[in-house]
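Input: a single structure, listed below in structure tokens.
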Protein chains: 2
Amino acid sequence: MARAAGVSVASVSRVLNGQPATPEMADKVRRAAEELSYVPDSRARSLKVGRTFQLTLAVADVGNPVYVTMMRAVESVVAAAGYRLVVTTTGPDVVDEVALVRGMARGYADGLVISPLRVDDDLIKSIRECEVPVVVAGSVPASAGVDTVRANSPKGMTLAVGHLKQAGRKRIAFVNGPADTVPGEARARGFAEAMKKFGLTPAGTVEAADFTFAAGRAAGPKLLKHTWPDAIVCANDLLAVALMHVLAERGLKVPDDVAVIGMDDSELAEQSFPPLTSVNLGSAERGRRAAELLLARIEDATRAPRRIVVQPTLSVRRSTP
Amino acid sequence: MARAAGVSVASVSRVLNGQPATPEMADKVRRAAEELSYVPDSRARSLKVGRTFQLTLAVADVGNPVYVTMMRAVESVVAAAGYRLVVTTTGPDVVDEVALVRGMARGYADGLVISPLRVDDDLIKSIRECEVPVVVAGSVPASAGVDTVRANSPKGMTLAVGHLKQAGRKRIAFVNGPADTVPGEARARGFAEAMKKFGLTPAGTVEAADFTFAAGRAAGPKLLKHTWPDAIVCANDLLAVALMHVLAERGLKVPDDVAVIGMDDSELAEQSFPPLTSVNLGSAERGRRAAELLLARIEDATRAPRRIVVQPTLSVRRSTP
DNA sequence: TTGTACGCGTTATCAG
DNA sequence: CTGATAACGCGTACAA
């Protein structure tokens with residue numbers, strides 16, 4: 001390429017990176033690059049500059065629409081900054097998450113946004129020791145000293161239960177995902193607190209095997225075997241939609257017989273029938289903020305860790321009165 | 001690292017790549033690697049071996065559940081072969097697709113699976129000239145001479161219309177996405193052919209602005225202004241679910257008053273209410289086959305281009321009688 | 001402003 | 001079987 005343009009390799013590099021050069025030099029280089037449809041090799045560039053201009057987003061399950069929302073948000077922020085996004089699915093096991101974080105040391109990406117389902121000391125340790133910046137989209141202890149952006153589940157639960165109480169519902173049940181996960185634990189605590197705050201007693205609780213539609217289908221009958229709720233709060237939209245299916249099969253009308261509320265306010269909420277009232281935990285904003293935090297830390301590795309909390313809102317649709 | 005183990009860099013490389021070495025040598029190297037938690041830098045490795053062990057999947061819209069299915073399938077195949085997957089969203093414009101394909105020359109990935117919404121000569125040209133192997137998940141002319149795995153939309157439409165006719169429905173309408181897209185064109189043609197084959201006349205057709213839920217919500221009323229169908233075939237699941245919303249708003253029962261059929265048989269089909277009868281165009285299998293084709297071509301660049309067609313099946317659920 | 005020369009960390013080659 | 005060394009293609013001091 002350099003000799004095709006009749007100049008030095010250094011000049012090619014300078015022109016293509018927008019550094020000062022005489023117009024005629026720039027012209028010669030661009031002309032030759034166009035001619036040969038030459039583009040700098042990103043592998044060599046990565047080795048030299050120590051950056052890949054790639055970022056990784058790790059989520060547990062791409063089939064969960066909340067991660068689609070988050071992915072969109074992260075993608076738009078990092079793309080605007082000139083980065084590609086590598087989306088990785090970790091699955092539910094924390095060991096896989098730890099392996100992923102450790103693997104970042106290979107240097108195939110310049111940073112990581114991870115939304116872990118389960119967190120243990122190993123994971124926190126691997127994040128702290130990671131070669132590249134890591135931002136956690138989820139809850140980790142403040143003592144971990146890592147950048148974090150998380151939702152406010154308890155407040156979200158307050159919104160949900162308050163809305164139901166105002167509608168006159170009193171026998172409120174709760175469908176959670178696994179309580180040994182970070183979101184599962186937060187939602188369980190939040191639900192209990194919210195019920196207490198409003199002077200209500202839970203009409204029943206069930207724990208689905210995971211946060212999927214199938215798990216919700218299985219958990220619904222278990223819940224309804226022992227209780228006759230007039231409202232059900234679900235830990236996410238997939239579970240809520242699954243519960244509406246179970247209720248329909250039993251001839252129960254939503255929202256007249258039983259009101260249903262989901263969490264995440266994902267695209268599924270407006271697509272479901274009836275459209276699902278859902279607590280918006282700010283997944284798009286969390287994704288955006290997490291990406292911004294990551295970019296900022298890449299710029300300046302010494303800045304103090306930030307912990308951002310995104311506040312929830314309630315999107316009222318037709319599954320509640 | 002080499003001097004930490006007291007051996008040469010070459011030996012480190014050999015041991016870590018599983019090449020023959022004396023047990024004691026292997027031991028020294030592994031011990032030191034463990035100690036320093038050393039992992040080979042993938043940037044340098046990429047530069048040297050000319051491979052990144054990364055593949056790219058380009059889709060139009062990550063919010064479309066059919067791409068989630070495809071993504072899962074591609075991911076599992078390439079991961080098993082030791083590759084990472086980079087998911088890129090191209091949007092609806094062909095120029096962005098062309099830019100993406102051209103950009104592959106930078107060498108940040110070893111191959112590309114692209115599912116283009118619109119195809120023109122520029123795109124085909126860029127694919128043929130691409131530095132790295134490209135597999136198209138979709139339809140391109142055989143003359144293009146590229147690896148392809150596509151669905152059989154006409155046959156899928158025959159399945160859909162045949163199912164409706166057998167149920168006694170005669171006033172069948174069609175909701176398509178943009179007809180200037182590859183899937184839009186294929187489905188329009190397929191629907192027309194299928195109707196003719198069964199001796200039926202279309203009860204109306206409307207073209208949504210794109211393949212999204214919102215576009216379906218907007219297109220539904222337009223269709224129903226001029227016609228009173230007893231069945232509606234939709235070009236994908238998102239449009240079908242949107243149509244069911246529109247029908248419900250007008251007090252029309254699905255499937256008693258109007259039957260609805262979607263295409264893609266995505267996760268949304270079983271999550272919708274009523275569960276959506278949908279033509280399974282084999283998105284998972286298409287993803288799997290496309291990934292396999294790509295891996296095979298990376299192994300052997302000289303093999304003849306293959307054109308795979310995946311056959312559809314019908315998943316009957318509750319939105320049809 | 002432009003060119004020359006070096007080094008990034010790894011793998012492949014070749015001599016020992 | 002091991003060690004020394006030459007690339008891979010780029011960015012960048014430094015010299016001109």
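Hydrogens, waters and symmetry mates play no part in the numbers below; they use all other heavy atoms, side chains included. Only a predicted model underlies this, so the values are computations on that prediction, with no experimental measurement involved.
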Query raised in the report: Within the pair A/Ser11 and C/dG3, is there a side-chain N or O less than 4.0 Å away from OP1 or OP2?
Result: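 It does, given that an N or O in the side chain of A/Ser11 lies less than 4.0 Å from OP1 or OP2 of C/dG3.
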
Query raised in the report: Think A/Arg43 has a side-chain N or O under 4.0 angstrom from the OP1 or OP2 of D/dG9?
Result: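 Indeed not, no polar side-chain atom of A/Arg43 lies that close.
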
Query - Donor-acceptor side-chain pairing of B/Asp96 and B/Thr90 below 3.5 angstrom - result: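 The answer is no; no qualifying pair exists.
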
Query raised in the report: When you check the side-chain N and O atoms of A/Asp300 and A/Thr302, is any donor under 3.5 Å from an acceptor?
Result: yes

Rounding to a whole Å, what distance do you find between [X]:[atom1] and [N]:[atom2]?
X: A/Asp41; N: D/dC8; atom1: CG; atom2: C1'; value: 9 Å
X: B/Arg3; N: D/dT2; atom1: CZ; atom2: P; value: 21 Å
X: B/Leu16; N: C/dT11; atom1: CG; atom2: C1'; value: 12 Å
X: B/Asp110; N: D/dC8; atom1: CG; atom2: P; value: 19 Å
X: B/Arg51; N: C/dG9; atom1: CZ; atom2: P; value: 24 Å
X: B/Arg45; N: D/dC10; atom1: CZ; atom2: P; value: 20 Å
X: B/Met1; N: D/dG3; atom1: CE; atom2: P; value: 12 Å
X: A/Phe53; N: D/dG11; atom1: CZ; atom2: P; value: 10 Å

Query - Residue whose nearest DNA chain D nucleotide is more 5′ - B/Lys28 or A/Gln19 - result: B/Lys28

Looking for any heavy atom pair under 4.0 Å, which part of the strands does [X] touch: base, sugar-phosphate only, or nothing?
X: B/Ala10; value: base
X: A/Arg14; value: base
X: A/Thr22; value: sugar-phosphate

Query raised in the report: For the salt bridge (Lys or Arg N to Asp or Glu O under 4.0 Å) test, which of B/Arg128, B/Arg297, B/Arg289 pairs with B/Asp147?
Result: B/Arg297

Report summary line: Sorted by position of nearest nucleotide on DNA chain C, 5' first, the leading residue of A/Val9 and A/Ala21 is A/Ala21

Query raised in the report: Would you call B/Met104 and B/Glu131 a side-chain contact if the rule is heavy atoms closer than 4.5 Å?
Result: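 No; the side chains remain at least 4.5 Å from each other.
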
So which nucleotide from [options] ends up closest to the side chain of [X]?
X: A/Leu47; options: D/dC10, C/dG3, D/dG9; value: D/dG9
X: B/Tyr38; options: C/dT10, C/dG3, D/dT12; value: C/dT10
X: A/Met25; options: C/dG3, C/dT11, C/dG9; value: C/dG3

Requested in this report: Specify the closest pair of heavy atoms between B/Arg106 and A/Val39, including all atoms of both residues, with the distance to one decimal.
Outcome: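 Taking every non-hydrogen atom into account, N-CG2, 3.8 Å.
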
Query raised in the report: Between the base of C/dA12 and the side chain of B/Lys48, is there any donor-acceptor pair under 3.5 Å?
Result: no

